[in-house]
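Below is one structure, written out as structure tokens, with a few remarks after it.
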Amino acid sequence: MSETGTVSGQELFERIRAIVVEKLGVTADVVTLEASFQEDLGADSLDTVELVMAVEEAFDLQIPDEAAEGLTTVAAVVSYVEANKA
Amino acid sequence: MNREPVVVTGLGLVSPLGSTVSSFWTSLVAGQSGIGPLTRFDASDLPVRFGGEAKGFDPLSVLSAKDARRLTRFIQFAVWAAVHAWRDAGLEDVDCDRDRAGVFIGSGMGALDMLEEEHRNLLDKGPGRVSPFLIPGVIVNMAAGVPAMHLGLRGPNLSPVTACASGAHAIGEAARTIQRGDADIILAGGAEAAMTRLSLAGFASAKALSTRNDDPAGASRPFDRGRDGFVMGEGAAVLVLERLGHAKARGARVLAQVAGYGASADAHHLTAPPPEADGMQRAILAAIRDASLSLADIGYINAHGTSTPANDKAESAGLRAVFGAALDDIPVSSIKSMTGHLLGAAGAVEAAATVLSLHHGLLPMTLNYADPDPDCPLDVIAGAARSRAVRAALSQNMGFGGQNAALVFSHLAH
């Protein structure tokens with residue numbers, strides 16, 4: 001089961017990476033788990049809002065503002081979605 | 001009058017006749033139509049299914065993929081026109097004082113396309129799905145704000161919003177600002193990308209548009225008896241206006257002088273001009289006076305000529321009232337016959353055409369002028385461009401709301 005879990009984690013990362021690539025206009029190779037949206041990927045405050053919205057839409061989630069503020073890295077988004085998706 | 005001349009040293013544009021100065025000018029002189037069926041969205045249920053879509057425009061040649069995605073079409077047009085005008089003026093390699101370089105680019109409508117899209121999101125998905133880029137995408141002043149960011153120009157920055165006169169007001173006010181000593185250079189013009197379902201439906205409801213769906217290229221026919229409304233177009237034009245001393249000091253090419261500017265209001269009706277366009281008359285007289293010229297110096301009139309029954313008749317009456325019998329010897333054309341009506345960009349694109357006409361001594365024709373309207377007794381240039389060296393030329397625009405602006409361009413007096 002753990003192997004399946006890893007695969008699904010990888011799939012999740014790839015889906016989120018595709019969203020980040022589209023919204024921030026960056027290439028896939030720089031979108032690592034550790035990457036910070038604002039510090040490493042050139043996002044501004046408006047980009048970050050749009051990114052959170054796109055993640056909500058893709059995974060059918062409602063992310064409260066307090067939680068959204070903490071989603072500053074790719075890893076944080078992956079973990080949040082993993083923990084909260086239906 | 002002891003003020004330093006303001007001159008035009010560069011042009012940049014996006015238009016239905018191409019998005020380089022050379023393609024635009026070549027098409028104008030050849031009398032080509034830029035009007036065709038709408039291709040960018042489904043227009044099949046609209047009463048008007050044609051217009052002048054911008055040609056040869058590629059946002060990615062002036063913007064990063066990310067910026068192109070974040071910026072709406074009219075802002076992209078403004079950036080393109082500003083960047084190309086800056087290059088055309090030879091300013092790319094010049095170390096100028098960017099605190100004294102400004103941007104005045106107006107727009108009539110802003111980004112109706114994004115407004116429609118995000119309103120749909122609001123209704124379908126709720127407030128939480130409305131894009132954070134909605135507000136910076138739709139507000140009209142981004143037409144001047146974003147090119148300034150792009151080129152790092154930190155001088156005066158303004159976006160006149162006077163409907164179809166926005167571009168002309170921008171140029172006139174920019175010239176004034178330079179004359180006042182507040183800037184050395186201003187990129188001035190207009191940008192518009194308002195061919196959307198909502199806007200076409202609205203203009204059609206106001207009975208302003210031609211419905212000649214079976215003959216798009218023949219639909220814009222200013223001063224012709226068969227005209228039945230204007231044809232919407234999209235695009236942008238930016239003129240580099242420069243203090244003469246500044247232009248001379250850097251050895252810049254001077255295309256023309258912005259000799260005079262006049263503005264007025266009709267205070268009359270929401271959309272219609274008064275029967276003799278007396279507001280336009282006052283703007284024209286003010287511009288000629290501002291230029292310290294006489295009526296006899298005007299050798300060409302680039303008309304507003306929208307191809308609506310009311311505009312062309314009122315404009316003709318107004319020009320007759322200003323120039324009297326002398327009007328018979330002043331060639332007139334409306335390039336809207338080829339570009340369509342670029343609304344907030346119209347005054348700027350027409351100013352660019354007027355500058356090129358003076359510079360080349362060649363006056364563009366009015367396409368589709370087949371059956372002269374006796375209510376518009378003008379010397380309309382038809383059939384071919386007319387070769388004629390003129391000392392000064394007039395370009396005027398009238399906006400919904402009754403706002404008028406007139407510009408006089410001339411050769412630089414030596």
Side-chain angles (χ1 to χ4, degrees), chain A residues 13-32 34-74 76-78 80-81 83-86, chain B residues 57-80 83 110-111 113-152 154 157 159:
Chain A
F13 169 65
E14 279 170 12
R15 283 183 68 189
I16 289 168
R17 181 165 65 183
I19 294 170
V20 174
V21 165
E22 191 209 325
K23 296 299 178 191
L24 301 187
V26 291
T27 53
D29 58 308
V30 298
V31 186
T32 59
E34 301 73 36
S36 152
F37 299 121
Q38 301 217 8
E39 279 157 36
D40 302 318
L41 302 177
D44 62 20
S45 57
L46 298 173
D47 290 319
T48 315
V49 175
E50 196 191 33
L51 198 60
V52 168
M53 235 178 242
V55 169
E56 287 181 325
E57 178 114 10
F59 297 99
D60 196 18
L61 289 171
Q62 289 292 338
I63 305 177
D65 284 352
E66 315 81 70
E69 276 165 28
L71 302 181
T72 57
T73 63
V74 177
V77 173
V78 172
Y80 185 91
V81 172
N84 292 280
K85 74 181 157 118
Chain B
F57 167 71
D58 172 19
L60 295 176
S61 76
V62 289
L63 292 163
S64 68
K66 180 180 167 185
D67 280 340
R69 204 181 57 77
R70 289 157 51 117
L71 298 172
T72 49
R73 188 167 170 87
F74 86 105
I75 303 173
Q76 295 178 358
F77 285 176
V79 172
W80 171 288
V83 166
D113 45 358
M114 188 171 198
L115 202 59
E116 288 177 46
E117 204 174 297
E118 294 303 322
H119 185 247
R120 199 175 306 120
N121 274 340
L122 175 70
L123 297 180
D124 294 351
K125 299 176 181 171
R129 288 288 183 274
V130 172
S131 169
F133 293 108
L134 168 66
I135 303 303
V138 302
I139 54 180
V140 171
N141 57 305
M142 289 294 171
V146 176
M149 290 170 214
H150 200 80
L151 290 163
R154 299 178 298 263
N157 196 287
S159 295

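To find a chain, count down the sequence lines: A is the first, B the second, and so on, and within it residues start at 1.
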Side chain, backbone, both or neither: which part of B:Arg69 has an atom under 4.5 Å from a heavy atom of chain A?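 B:Arg69 touches chain A through side-chain heavy atoms alone.
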Side-chain heavy-atom pair B:Met114, B:Phe133 within 4.5 angstrom cut-off: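 They are in contact (side-chain heavy atoms under 4.5 Å apart), so the answer is yes.
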A:Leu71 side chain reached by A:Ile63 side chain, heavy atoms, under 4.5 Å: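 Side-chain contact under 4.5 Å: yes.
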Can you tell me if A:Asp29 has over 12 outside heavy atoms packed within less than 6.0 Å of its CG?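 Result for CG/A:Asp29: enclosed.
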So which of A:Val26, A:Val49, A:Asp47, A:Leu24 has the biggest tally of heavy-atom pairs under 4.5 Å with chain B?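 Winner by heavy-atom pair count: A:Asp47.
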Heavy atoms only, distances under 4.5 angstrom: which of B:Arg70, B:Lys66, B:Arg129 has the most pairs with chain A? Name it, please.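 Most heavy-atom pairs within the cutoff with chain A belong to B:Arg129.
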List the steps, then state whether side-chain contact (heavy atoms from CB on, under 4.5 Å) holds for A:Thr27 with A:Val21. CA-CA 6 Å; A:Thr27 53; A:Val21 165; over 6 Å; no
